[in-house]
There are 2 protein chains.
Amino acid sequence: MSVHSILDVAIKVLLADPSASLGDVAKAAGVSRTTLHKRYATRHDLLVALAHDAYDRVDKAMTDAQLDVPGEDVVAGLERAITALIPLGPRIEFMYRQIGLDDVPDLVTRYEQSGEHLLRLIQRGQEAGKLRADLPDWWILATLEGSFYTAWEAISFGRLAPLDAPKLVMTTVMRGIGT
Amino acid sequence: MSVHSILDVAIKVLLADPSASLGDVAKAAGVSRTTLHKRYATRHDLLVALAHDAYDRVDKAMTDAQLDVPGEDVVAGLERAITALIPLGPRIEFMYRQIGLDDVPDLVTRYEQSGEHLLRLIQRGQEAGKLRADLPDWWILATLEGSFYTAWEAISFGRLAPLDAPKLVMTTVMRGIGT
DNA sequence: GATCGAGTGAACACTCATGTTCAGAAGTGT
DNA sequence: ACACTTCTGAACATGAGTGTTCACTCGATC
């Protein structure tokens, strides 16, 4: 069982039950508790590792989405970002729900940085007249993240097909629900 | 210390730290742990009581918002609903984050019912041509709830003034972020 | 085949929240 | 003043998760 597999399983288990014991995690990962303790000395260490792994993937997704290409269409960039974020749903949900990681300076820093790519894209969109300039940029970012999260929830409930999500999010966020 | 005050304090404490002990809750409420145990025999009982209290308030807010008046403007109804929900932010956030209450049939039922008022309003809005009919009603509902939640978060971070929230949510949700 | 590293299961001490009990204090009503 | 209720602080047993150690097994490597 590789490190990544363990983290994958740990995310799932801890998401289903945040109070799951390390024994539960180890069992689900097909690994002895001793081995788990060898990799992550304490529960806190495991949580931090999970958070870092999640941020790694978000960062990679944002980089891959090529949001910083100046000439390109902002809306297309947004759609690529959303599409890339959808598969990361479980990990982001985990980050979102886990409390007690606020006191880890590294993670706070990463959290603040994680939205930077999108925020710059949004600012460019506003300057280019593609996005409403009467709304604060941070609010637009929060709205985007919220809509993505709503989509992820709908997917996890089985109500929304993953492949339908990006377009649905984009049309909703861009045009709104009004006629 | 009245029952409602205890629940108020309990919400705050458990929201700040979901793993807070009953001793912490009791101390914060200015009540002995023994007394707390007398009112709520187990931790689970307390959580269920908190959930019911939250649903009570949501139900009351939705009823007070008069969403079922047939003739009235749907958009105005939505804004009243959002306005009424904002103050319930902490409680709804609590409901949202607490896991382990899924196995309480009463709460599952109440959860399903809690969105009914808004859903009917949305359906009326779609029929009246005020809301996009090309989007599923449940998705519009989820979008509304998500945007409300985004606003609540911004408020709790101190970035958004509570009185500004309803209008901001409405314009964002109705018109979207695009130009 | 011997050696090394990684993993395993079992046992252990430790901490902490929980739930319970009880005798006494504080307050309320008659 | 008295009876009654509620709240309190303290103590207790219990259970569960945690972190640690250790002897053992297994597989790969030399």
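Because the structure is a prediction, the values reported are computed rather than measured.
Scanning all heavy atoms of the two residues, the minimum distance from B/Trp138 to A/Arg159 falls at CZ2-O, 3.5 Å. Here the closest non-hydrogen pair linking B/Gly89 and B/Phe148 is CA-CZ, 4.3 Å.
Between B/Ser32 and D/dT8 there is a side-chain N or O to OP1 or OP2 distance below 4.0 Å.
Distances were taken from every side-chain heavy atom of A/Thr34 (C-beta onward) to each of C/dC22, D/dG19, C/dG9; the shortest belongs to C/dG9.
Here A/Arg39 does not pair with A/Asp45 in a salt bridge; the nearest charged N to carboxylate O distance is not below 4.0 Å. Between A/Asp59 and A/Arg110 there is a salt bridge, since at least one side-chain N of the basic residue sits less than 4.0 Å from a carboxylate O of the acidic one. The pair A/Asp24-A/Arg33 does not meet the salt-bridge criterion, since no charged nitrogen lies less than 4.0 angstrom from a carboxylate oxygen.
Between the C1' atom of C/dG7 and the CG atom of A/Leu36 lies a distance of 12 Å, rounded to the nearest Å. For B/Lys38 and D/dC7, the NZ to C1' distance is 7 Å, given to the nearest whole Å. One interatomic measurement links the two molecules: CG of B/Asp17 to C1' of C/dA17, which rounds to 13 Å at whole-angstrom precision. Between the P atom of C/dC22 and the NE2 atom of B/His37 lies a distance of 16 Å, rounded to the nearest Å. To the nearest angstrom, C1' of D/dA16 lies 12 Å from CZ of A/Arg43. Straight-line distance from the CZ atom of B/Arg39 to the C1' atom of D/dC7: 10 Å, rounded to whole Å. Distance, A/Lys27 NZ to C/dT8 C1': 16 Å, rounded to whole Å. Nucleotide D/dG17 holds its C1' atom 20 Å from the OH atom of A/Tyr40, rounded to whole Å.
Residues B/Leu131 and B/Met174 meet the side-chain proximity criterion, which asks for heavy atoms closer than 4.5 Å.
A/Ser21 comes within 4.0 angstrom of sugar-phosphate atoms only, judged by non-hydrogen atoms across all strands, and of no base.
Contacts of A/Asp103 classified as salt bridge (charged side-chain N to carboxylate O under 4.0 Å, His left out), with partners at least two apart in sequence or in another chain: none.
Along DNA chain C, the nucleotide nearest to B/Ser19 and the one nearest to A/Thr35 differ in position, and the one closer to the 5' end is contacted by A/Thr35.
Axis angle, first five pairs versus last five pairs of the helix from C/dG1-D/dC30 to C/dT30-D/dA1: 20°, rounded to 10°.
Side-chain N/O atoms of B/Arg33 and base N/O atoms of C/dG19 include a donor-acceptor pair closer than 3.5 Å.
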